[in-house]
Amino acid sequence: MASLASRADELDDLISLAFSNSPTLHAANQGPRQAEAARDATDEFLDPHTTAAAGHVSGNGAATPFIAAPAGLPAADTYGVGAGVEVPIRPGFYAGAGVSEQYLVNPPNGFNSGYSTLVGAQIRIPLMQDRGFSLWRQRQARQRELLEAADAHLLETRQAVRHAVELAYFTYLVEIANAATSWSAIERSQKLLDEAEELVRLQVVPEYQLAPARLELALRREEICAVNQAIDTARLRLSQVLGMPAPSQLTTNSDTLITRATSLQLPKEPISDPIFAARGALCEIEALAAAASAETRSLDDQLRPDLGLSLRGVWAPEDSSSQTINGEPTSSDQSSVAAVLVWTRPWSQTGARARLRESRARESQLAEVRNELLNKLAADLATAYREFTGAGERLKQINIAVEQARQTLEAEAERFRLGEGRSRNVLDAQNDLNKAYRARNAIVAALLTGHSNFRYASGYQDNISRTAPTPPLGDNDHGHQ
């Protein structure tokens with residue numbers, strides 16, 4: 001793999017690695033697949049339904065594929081087999097057809113034993129509950145919204161992973177910059193010790209001036225061990241959010257921290273009425289609310305009485321010689337038609353009303369969750385803006401402090417070389433400069449973090465206008481801290 005540091009933007013490469021390897025993101029990718037399968041499963045409603053039956057009817061009755069026997073056919077002891085199919089047809093009725101074959105075993109007086117064939121058709125139309133297949137359409141609408149919610153959850157997960165990578169990377173860059181500061185402190189401490197030993201040899205300063213310099217050098221070497229451990233920890237945390245070991249080609253250049261901060265931009269003033277349409281968490285809540293609304297409409301429809309119209313027809317195409325009455329053949333075919341209205345309604349509807357209350361409560365809950373999320377996002381956006389602008393103001397002051405600390409160190413070092421000062425004074429000036437450099441590193445990190453938090457809160461929108469550049473970072477001496 002090519003060196004990440006040699007590419008245009010190392011952070012973008014790390015984000016791409018996280019998108020390809022993060023287990024969190026891989027798990028979230030399965031959500032839309034599940035929701036899509038559940039949405040497709042609703043189409044089973046339109047599948048034709050086939051039924052088949054065989055049996056024996058004793059006494060006065062006839063086996064037919066529908067509830068009404070053809071008019072004029074004899075009622076008798078019968079064996080029969082039958083099959084039928086029913087298909088839901090848009091915009092909202094059921095069409096069916098069936099056929100049965102019967103054998104009259106013990107016909108009434110005057111009838112002969114024999115076979116008879118029945119062919120029938122039926123149309124059923126829901127007129128109140130489930131009119132126009134409303135229950136199925138609401139199920140479809142609910143599953144579509146759940147698919148939207150799964151897509152939004154995936155978007156939110158991608159945004160969260162990106163944000164986590166950014167913060168982990170910035171932490172790594174801060175530790176790299178702190179390491180550079182510590183190495184520069186070691187170089188200054190070693191240089192001071194060398195100068196002190198030479199001045200002692202020349203009897204310009206007393207020998208006790210060596211002890212503070214040796215103490216400071218030992219402390220700075222211990223500090224290097226600590227920052228190296230911090231770098232290792234930062235790499236491990238970065239590996240965790242990447243879902244893979246962090247690339248070995250990660251930058252070790254301390255300039256990277258400040259270089260990244262020089263190109264940051266945010267609006268000049270906070271957005272007064274922010275719109276978070278690009279934020280996955282908000283899109284997910286809104287889709288879940290729409291799904292709950294669809295479920296409420298479906299449950300409300302189920303409280304309506306069930307009124308259905310059935311139009312049926314049965315035809316008996318018999319051979320003229322197949323059935324006779326007292327030796328005389330029956331008519332060649334017989335048929336019947338029927339129009340039936342069926343009305344049903346549960347007495348109490350206890351379960352349906354309870355489920356409707358539950359669904360409406362869920363709608364109210366999601367509405368409040370959405371309001372809470374909007375408040376949080378607005379607060380996060382405002383906080384991030386203040387973090388960014390506040391870090392910019394602090395950076396101006398710390399740049400002054402760095403310059404003053406450098407001048408103080410140069411003056412104390414010169415006084416010590418002339419024998420007018422003590423090594424302790426030089427070490428104090430070195431410590432002040434080290435603290436100023438570390439403070440600047442922390443402020444630049446806060447600048448980067450504030451910018452990342454702002455972008456995350458707004459859903460990483462790319463149309464931010466009225467931008468203001470990052471406050472000046474001072475002269476480019478950060479590589480020689």
Side-chain angles (χ1 to χ4, degrees), residues 41-137 139-140 305-345:
T42 62
D43 290 338
E44 68 178 350
F45 174 80
L46 299 176
D47 292 343
H49 293 272
T50 302
T51 58
H56 172 247
V57 177
S58 61
N60 294 328
T64 68
F66 302 94
I67 62 174
L73 286 181
D77 192 5
T78 305
Y79 286 97
V81 294
V85 62
E86 187 174 65
V87 183
I89 304 295
R90 299 177 185 178
F93 66 91
Y94 300 86
V99 61
S100 70
E101 185 73 16
Q102 302 176 115
Y103 178 72
L104 304 179
V105 177
N106 186 22
N109 293 333
F111 286 85
N112 296 330
S113 299
Y115 292 94
S116 65
T117 302
L118 300 176
V119 178
Q122 175 177 266
I123 292 178
R124 292 191 300 116
I125 307 173
L127 299 178
M128 294 185 69
Q129 184 183 122
D130 200 27
R131 182 179 179 180
F133 297 155
S134 61
L135 297 179
W136 169 64
R137 296 181 189 280
R139 284 197 300 270
Q140 276 199 318
D306 187 1
L307 178 64
L309 172 63
S310 294
L311 304 175
R312 303 166 180 165
V314 179
W315 178 46
E318 300 300 332
D319 187 348
S320 60
S321 61
S322 62
Q323 292 292 334
T324 60
I325 303 177
N326 296 325
E328 297 295 328
T330 62
S331 61
S332 60
D333 62 79
Q334 301 180 62
S335 62
S336 68
V337 294
V340 181
L341 278 173
V342 179
W343 180 88
T344 59
R345 183 183 184 278

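These figures come from a predicted structure and were not determined experimentally.
- If you take CG on L135 and CD on Q129, they are separated by 6.0 Å, rounding to the nearest 0.5 Å.
- Between V99 and L118, every side-chain heavy-atom pair lies at or beyond the 4.5 Å cut-off.
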In sequence, state the C-alpha distance, the side-chain angles, and the governing distance for L341 and L307, and then conclude on side-chain contact (heavy atoms from CB on, under 4.5 Å).
-> CA-CA 7 Å; L341 278 173; L307 178 64; 4.3 Å; yes

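- The two residues L127 and L309 have their closest heavy-atom pair at CD1-CB, 4.1 Å.
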Using residues 84-97 as the side-chain source, report each donor-acceptor pair under 3.5 Å to any protein atom, sequence neighbours left out, with the distance given to one decimal.
residue : atom : partner : partner atom : Å
E86     : OE1  : R124    : NH2          : 3.0
E86     : OE2  : R124    : NE           : 3.0
E86     : OE2  : R124    : NH2          : 3.4

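- Checked by atom type and distance alone, the side chain of W136 pairs as donor or acceptor with a backbone atom of T42 at under 3.5 Å.
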When you look at R139 and F45, which way does the side-chain contact (heavy atoms from CB on, under 4.5 Å) test go after all the steps?
-> CA-CA 10 Å; R139 284 197 300 270; F45 174 80; 3.9 Å; yes

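- Side-chain atoms of Q140 and D43, non-hydrogen and from C-beta on, do get closer than 4.5 Å to each other.
- Contact detail for G132 and R137: the closest heavy-atom pair is O-NE, 2.8 Å.
- Taking the side-chain contact (heavy atoms from CB on, under 4.5 Å) definition, one finds that V342 meets it with V340, T344, sequence neighbours left out.
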